[in-house]
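Worksheet for the structure shown next.
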Amino acid sequence: SAETYALREAFDSYALSAINAMMHSDKLMKEGKMKKPLTIAMENLFPESYGAHPDELVKLVLGSRERMVEMLKQRGYSEENAKKEAEEHITSTMDTGHLNMWRKYWKGDTSKSMKENDEDYNKWMLDKLGELARKKIIGHVHIDDNYGYHDDHLAPGEGNAPIREMIKVLKDNN
């Protein structure tokens with residue numbers, strides 16, 4: 001199917017890019033110039049783009065890591081070392097405002113109040129964020145706010161994203 005083909009191509013592309021980042025990191029380390037390893041970090045963009053939904057982002061990151069492990073094993077890496085390299089060099093950038101934009105697609109319960117539906121949405125969003133953190137998907141974070149409909153890039157606290165709670169979830173999951 002088109003989706004299977006697209007995912008296979010994406011996994012290959014991200015894995016190859018991450019191997020390149022790994023090799024450049026190794027070179028910088030040998031030269032004593034590396035401050036932090038280079039990574040490929042897919043961002044959860046707008047809800048209309050594939051990879052923006054937390055479940056899709058997990059699929060992209062984990063699938064790319066699996067592909068990188070296969071490629072590194074073909075180059076003589078042990079499975080354990082290949083997995084370590086893949087986890088280090090393939091991550092995601094979590095944009096809190098982009099995650100909050102899923103709010104516009106939230107199907108609330110008509111028997112609940114607007115406040116209760118907002119609380120349900122926030123719970124879903126925080127649960128998904130925790131899942132991403134526990135699976136070690138997140139490597140970088142962009143903290144910005146909005147009202148869930150446009151990428152306004154408001155300062156934290158100026159919109160309705162539960163920024164304080166999001167930061168707590170990230171801290172609780174290292």
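Computed from a predicted model, the values in this text were never measured in an experiment.
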Review point. Hey, quick one: are L45 and L60 part of the same hydrophobic cluster, counting side-chain heavy atoms closer than 4.5 Å, chains of contacts allowed?
Key: no
Review point. Which atom pair, heavy atoms only, marks the closest approach of I163 to P156?
Key: CG2-CB, 3.9 Å
Review point. Does any N or O in the side chain of D145 come within less than 3.5 Å of the main-chain N or O of L154, such that one atom is a donor and the other an acceptor?
Key: no
Review point. To the nearest 0.5 Å, what is the distance between CD (E87) and CE (M68)?
Key: 11.0 Å
Check your understanding: OG of S49 to CD of E56: how many Å apart, nearest 0.5 Å?
Key -> 9.5 Å
Review point. Are K128 and E131 ion-paired here, with the side-chain N under 4.0 Å from a carboxylate O?
Key: yes
Exercise for review: Please say whether more than 12 non-hydrogen atoms of neighbouring residues, nucleotides or ligands are located less than 6.0 Å from CD in E48.
Suggested key: yes
Review point. Among pairs that include at least one residue of residues 105-117, which meet salt bridge (charged side-chain N to carboxylate O under 4.0 Å, His left out), considering only residues two or more places apart or in two chains?
Key: K112-D120, K115-E119
**Study point:** Derivation and outcome, side chain to side chain contact (heavy atoms under 4.5 Å, CB included), residues Y77 and K83
**Key:** CA-CA 9 Å; Y77 283 72; K83 284 181 177 181; over 6 Å; no
Revision key, fill the gap. By side-chain hydrogen bond (donor to acceptor under 3.5 Å, both in side chains), D152 pairs with (sequence neighbours left out) none
Practice item. Determine, stepwise, if the pair D144 / T96 fulfils side chain to side chain contact (heavy atoms under 4.5 Å, CB included). Key: CA-CA 6 Å; D144 61 289; T96 58; 4.1 Å; yes
Practice item. Please step through side chain to side chain contact (heavy atoms under 4.5 Å, CB included) for the pair K59 and D55, ending with a clear verdict. Key: CA-CA 6 Å; K59 185 182 279 191; D55 296 342; over 6 Å; no
Exercise for review: Hey, could you give me each pair passing salt bridge (charged side-chain N to carboxylate O under 4.0 Å, His left out) that has a residue in residues 21-31? Not counting sequence neighbours.
Suggested key: K27-E31, E31-K33
Exercise for review: Treating Ile, Leu, Val, Met, Phe, Trp and Tyr as nodes and any side-chain heavy-atom pair under 4.5 angstrom as an edge, say whether M94 and Y121 lie in one connected cluster.
Suggested key: yes
**Study point:** Results of ring-ring contact (aromatic ring centres under 6.0 Å, His included) for H53 - residues two or more places apart only
**Key:** W102, W124
Check your understanding: Which atoms form the tightest heavy-atom contact between R103 and P162, and what is the distance?
Key -> NH2-CD, 4.2 Å
Point to revise | Main-chain N/O of A15 paired with S64 side-chain donor or acceptor, under 3.5 Å | key: no
Check your understanding: Once you round to the nearest 0.5 Å, how far does OG of S25 lie from CD1 of I19?
Key -> 12.5 Å
Revision key, fill the gap. So the ring-ring contact (aromatic ring centres under 6.0 Å, His included) pairs with at least one residue in residues 143-174 (sequence neighbours excluded) are none
Practice item. Return the set of residues passing side-chain hydrogen bond (donor to acceptor under 3.5 Å, both in side chains) with K84 (not counting sequence neighbours), or none when no residue passes. Key: none
Point to revise | K36: partners by salt bridge (charged side-chain N to carboxylate O under 4.0 Å, His left out), with sequence neighbours left out | key: none
**Study point:** Flag side-chain contact, heavy atom, 4.5 Å: K136 against V61
**Key:** no
Point to revise | OG1 on T93 to CD1 on I40, rounded to 0.5 Å | key: 10.5 Å
Point to revise | Expected output: side-chain R65 to main-chain I90 donor-acceptor under 3.5 Å | key: yes
Practice item. May I ask you to list the residues sharing a hydrophobic cluster with M34, side-chain cutoff 4.5 Å, ordered by chain and number? Key: L28, M29, L38
Review point. So, N146 side chain and D151 main chain: donor-acceptor pair closer than 3.5 Å or not?
Key: no
Check your understanding: Hey, any chance V69 and L7 share a hydrophobic cluster, counting ILVMFWY side chains that come within less than 4.5 Å of each other, even indirectly?
Key -> no
Check your understanding: Which value, rounded to the nearest 0.5 Å, describes the distance between L57 atom CG and I138 atom CD1?
Key -> 8.0 Å
Check your understanding: Between A41 and H140, which heavy-atom pair has the shortest distance, and what is it?
Key -> CB-ND1, 3.5 Å
Practice item. For F46, check ring-ring contact (aromatic ring centres under 6.0 Å, His included) against everything at least two apart and list the hits. Key: H98
Review point. Are W106 and M101 joined in one hydrophobic group, where the rule is that I, L, V, M, F, W and Y side chains link up if heavy atoms are under 4.5 Å apart?
Key: no
Check your understanding: Does a side-chain heavy-atom distance below 4.5 Å link L99 with P54?
Key -> yes
Point to revise | Qualifying salt bridge (charged side-chain N to carboxylate O under 4.0 Å, His left out) pairs, either residue in residues 88-102, two or more places apart | key: none
Check your understanding: Got a sec, which pairs hit ring-ring contact (aromatic ring centres under 6.0 Å, His included) with one end in residues 5-40, sequence neighbours left out?
Key -> none
**Study point:** Note: K123-D127 ion pair, threshold 4.0 Å (strictly below)
**Key:** yes
**Study point:** Residues N100 and N160: side-chain donor-acceptor under 3.5 angstrom
**Key:** yes
Would you list the atom pairs, donor with acceptor, under 3.5 Å between side chains in residues 167-174 and any protein atom, with sequence neighbours excluded?
unit_1: K168; atom_1: NZ; unit_2: D172; atom_2: OD2; d: 2.8
unit_1: N173; atom_1: ND2; unit_2: V169; atom_2: O; d: 2.8

Point to revise | side chain to side chain contact (heavy atoms under 4.5 Å, CB included) assessment of I143 paired with M166 | key: CA-CA 9 Å; I143 300 175; M166 294 170 97; over 6 Å; no
